[in-house]
Amino acid sequence: MYRKLSRRTTRSILTALVALCFCASQASAQTPGYTAGPVSNGGSIKGTIKASSKPDETLKVNKDNAHCGDTQPAEKFIIGGDGGLKNAVVMLKGIAKGKDFASKDDPVISNKDCKFAPHVMVAREGAQMKVRNDDPVSHNSHFFLMAAGKKSNVINLALPKQGLEIGKPKILSKAGLLSLNCDAHNWMQSWIWVLEHPYAVVTGSDGSFDLSDVPAGSYKLTIWHEALGEKTVDVTVGAGKATTTNVTF
Ligand SMILES: [Cu+2]
């Protein structure tokens with residue numbers, strides 16, 4: 001009798017603990033809400049992200065060499081002659097209100113020439129991420145959520161045949177940074193910033209960016225780069241005004 005009661009009590013405590021942990025994880029996973037609507041007389045934030053010149057890394061290819069070659073560029077440091085840094089993400093993290101997304105198309109990442117294309121992207125929270133194999137070799141798209149210093153599994157999609165495209169709504173269901181890897185080819189890497197608002201861009205080869213239709217106000221502008229880390233600067237946007245913010249890593 002005592003043992004039975006004890007087991008039942010233990011079970012109740014465990015159930016309560018599981019429920020508590022679940023609630024806590026749900027709460028911490030919640031992103032601040034974002035309200036989309038027309039922006040009248042918004043301003044813009046423009047600028048250039050720069051870094052000291054650094055050679056890109058060359059990665060050794062150890063599989064499917066006939067198609068993938070013997071080496072692949074890491075695409076980590078793509079820095080122009082004037083220091084313009086490509087593939088940095090510039091974003092207004094935590095903005096609560098502003099314009100809607102210009103496009104609600106589903107984003108696509110291609111496996112092409114044994115690389116993910118694009119190497120870095122921003123995506124709308126709640127969109128359906130699609131992955132496609134444009135190569136005559138088998139790839140797989142393994143998504144991980146990068147949060148609190150941990151890399152946690154999201155989903156792994158096999159793409160055994162050329163021309164195959166798969167989409168899953170689960171991938172972009174939560175805002176944050178995703179790492180995309182191919183288990184078959186350990187050099188393949190892509191990064192996706194999932195955001196609930198459209199105020200985020202990836203810098204082009206000159207390192208420039210332009211965030212438009214920003215409601216007047218003060219913001220934290222965050223710049224992220226896969227190898228150089230993250231920087232945050234304060235920016236004040238005036239109604240109808242263009243603000244210039246240059247950041248150097
Ligand atoms: Cu692959």
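All ligand and atom numbering here is 1-based and tracks the order in the structure. A quick note: this is a predicted structure, and the numbers were derived from the prediction, not measured. No hydrogens, no waters, no symmetry mates; every other heavy atom, side chains included, goes into these values.
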Student: Check this for me: does any side-chain nitrogen of one of Asp70 and Lys60 sit under 4.0 Å from a carboxylate oxygen of the other?
Tutor: no
Student: Determine which of the N, O or S atoms in His185 is closest to the Cu ion (ligand 1) and give its atom name.
Tutor: ND1
Student: Please determine whether Cys114 has a backbone or side-chain N, O or S atom lying under 2.8 Å from the Cu ion (ligand 1).
Tutor: no
Student: Hey, are Lys168 and Gln128 close enough side-chain-wise for a donor-acceptor pair under 3.5 Å?
Tutor: no
Student: Would Asn140 and Asp183 count as having a side-chain donor-acceptor pair, cut-off 3.5 Å?
Tutor: yes
Student: Taking the side chain as C-beta and beyond, is there a heavy-atom pair between Val131 and Leu159 under 4.5 Å?
Tutor: yes
Student: If you stand at the Cu ion (ligand 1) and look out to SG of Cys182 and SD of Met188, what angle do those two lines make, to 10°?
Tutor: 110°
Student: Which of the N/O/S atoms in His139 sits closest to the Cu ion (ligand 1)?
Tutor: ND1
